[in-house]
Amino acid sequence: MGQQSKSLVGTIVKSLDILECFTDDSDEKGIQEISQIVGLPESTTHRIISTLEYRGILLQNPSNKKYRLGLIFLKASDKTKNMSIWKEKAKSYMLDLNEEFNETVNLAIRTEDKAVYIDTVVSTQVLRPTLAVGVKYPCHCTGIGKSLLMDFSEKELSKIINGPLEKLTPNTITDIKSLADDLRVSKERGFAIDNEEFHKGIVCIAAPIRGFGGRIIASLSISIPTVRVDEERLNKVKERIIEVTNNISKEINF
């Protein structure tokens with residue numbers, strides 16, 4: 001095994017040691033405490049934690065600067081007590097929205113520059129979008145993805161998004177500055193919109209779900225074929241998606 005491979009394996013082992021510090025999905029620890037537990041210098045611990053945070057494996061609580069397990073890690077682990085509770089709550093709201101509008105309702109979390117769908121309630125109408133749970137979709141051109149990026153500045157987006165923004169339809173945003181401008185507007189009004197930017201003929205309205213410290217931990221969206229979109233219906237969807245995501249954010253403890 002080469003020196004580079006040994007270094008890579010060592011970093012992976014250290015990362016796993018750090019993750020093992022957390023007893024469950026509500027446990028929070030600071031860098032100093034973690035470095036003492038795993039026996040690493042604080043600088044090394046900070047570097048690894050920054051990478052894990054970037055990947056969504058750890059989340060930082062802005063109020064106390066401590067860290068806890070993120071949803072990407074919890075999705076694949078057995079430390080999911082709180083996650084299961086808030087997913088059940090989110091699901092009940094998703095079912096209500098689906099019954100109200102008979103449109104497809106989606107729940108997603110972010111990993112780097114992709115949105116990962118973790119639940120969906122499908123419309124019963126013949127014409128409907130097909131979105132698969134577990135699949136990664138680009139954030140820059142989906143309503144649910146843009147909602148997940150809503151808190152990031154242009155500089156932060158440049159670090160998160162790898163490579164050029166792929167143009168999937170004539171409406172797709174293809175540069176970071178325009179995306180940042182779109183996200184600023186989205187944050188001000190409380191929702192993001194994909195106006196046929198991912199698929200022609202599909203409009204998606206999405207709003208973020210916030211956890212501890214006001215951080216965006218997930219997003220909820222309603223996808224509607226343009227043939228069923230009118231101003232009155234669209235305004236109602238916008239009002240309800242904001243109302244629902246605010247309610248979920250108040251109820252969850254994550």
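Computed over heavy atoms, backbone and side chain alike; hydrogens, waters and symmetry mates excluded. All of these numbers come straight from a predicted model, not from anything done at the bench.
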Closest approach of [X] to [Y] (non-hydrogen atoms, all atoms of both residues):
X: Ser178; Y: Ile173; value: CB-CG2, 3.8 Å
X: Pro225; Y: Ile202; value: CA-CD1, 3.9 Å
X: Ala192; Y: Ser186; value: CA-OG, 3.8 Å
X: Lys65; Y: Gln60; value: O-NE2, 3.3 Å
X: Ala108; Y: Leu148; value: O-CD2, 3.9 Å
X: Gly70; Y: Leu59; value: CA-CG, 3.9 Å

[X] side chain vs [Y] backbone, donor-acceptor pair below 3.5 Å:
X: Glu197; Y: Asn195; answer: yes
X: Asn246; Y: Ile242; answer: yes
X: Lys167; Y: Thr174; answer: no
X: Thr120; Y: Val122; answer: no
X: Thr172; Y: Leu168; answer: yes
X: His140; Y: Glu166; answer: yes
X: Thr45; Y: Ile31; answer: no

Using the rule that Ile, Leu, Val, Met, Phe, Trp and Tyr join whenever any side-chain heavy atoms are under 4.5 Å apart, tell me whether [X] and [Y] fall into a single cluster.
X: Ile248; Y: Val237; value: yes
X: Phe22; Y: Leu40; value: yes
X: Ile193; Y: Leu183; value: no
X: Leu149; Y: Ile109; value: no

* Thr111 side, atom OG1; Lys136 side, atom NZ - distance, nearest 0.5 Å -> 4.5 Å

* Rounded distance [0.5 Å steps], CD1 in Ile209 versus NZ in Lys250 ->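 If I round to the nearest 0.5 Å, the distance is 14.0 Å.
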
Within the structure provided, determine whether [X] and [Y] are in side-chain contact (heavy-atom separation under 4.5 Å).
X: Asn64; Y: Asn61; result: yes
X: Phe101; Y: Ile222; result: yes
X: Ile205; Y: Val203; result: yes
X: Ile57; Y: Leu69; result: no
X: Pro138; Y: Asp113; result: no
X: Lys29; Y: Lys66; result: no
X: Met94; Y: Asp119; result: yes

* Without hydrogens or angle criteria, can the side chains of Thr124 and Asn102 be said to hold a donor-acceptor pair below 3.5 Å? -> yes

* Tell me yes or no: between the side chains of Asn171 and Glu196, is some donor less than 3.5 Å from an acceptor? =>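 Side chains of Asn171 and Glu196: no pair found under 3.5 Å.
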
* Could I get the full list of salt bridge (charged side-chain N to carboxylate O under 4.0 Å, His left out) partners for Lys236, not counting sequence neighbours? =>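 Expected list: none.
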
One thing to verify: whether [Y] and [X] come together as a salt bridge, which I'm taking to mean a side-chain N less than 4.0 angstrom from a carboxylate O.
X: Arg233; Y: Glu103; result: yes
X: Lys159; Y: Glu156; result: no
X: Asp194; Y: Lys146; result: no
X: Glu154; Y: Lys177; result: no

* To do: With sequence neighbours left out, write down each residue that passes ring pair (Phe, Tyr, Trp, His ring centres under 6.0 Å) with Tyr67, or none if nothing qualifies.
  =>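 Result, ring pair (Phe, Tyr, Trp, His ring centres under 6.0 Å) vs Tyr67: none returned.
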
* To do: Carefully, step by step, assess Asp182 and Lys187 under the rule salt bridge (Lys or Arg N to Asp or Glu O under 4.0 Å).
  => CA-CA 9 Å; Asp182 183 272; Lys187 187 172 183 178; over 6 Å; no

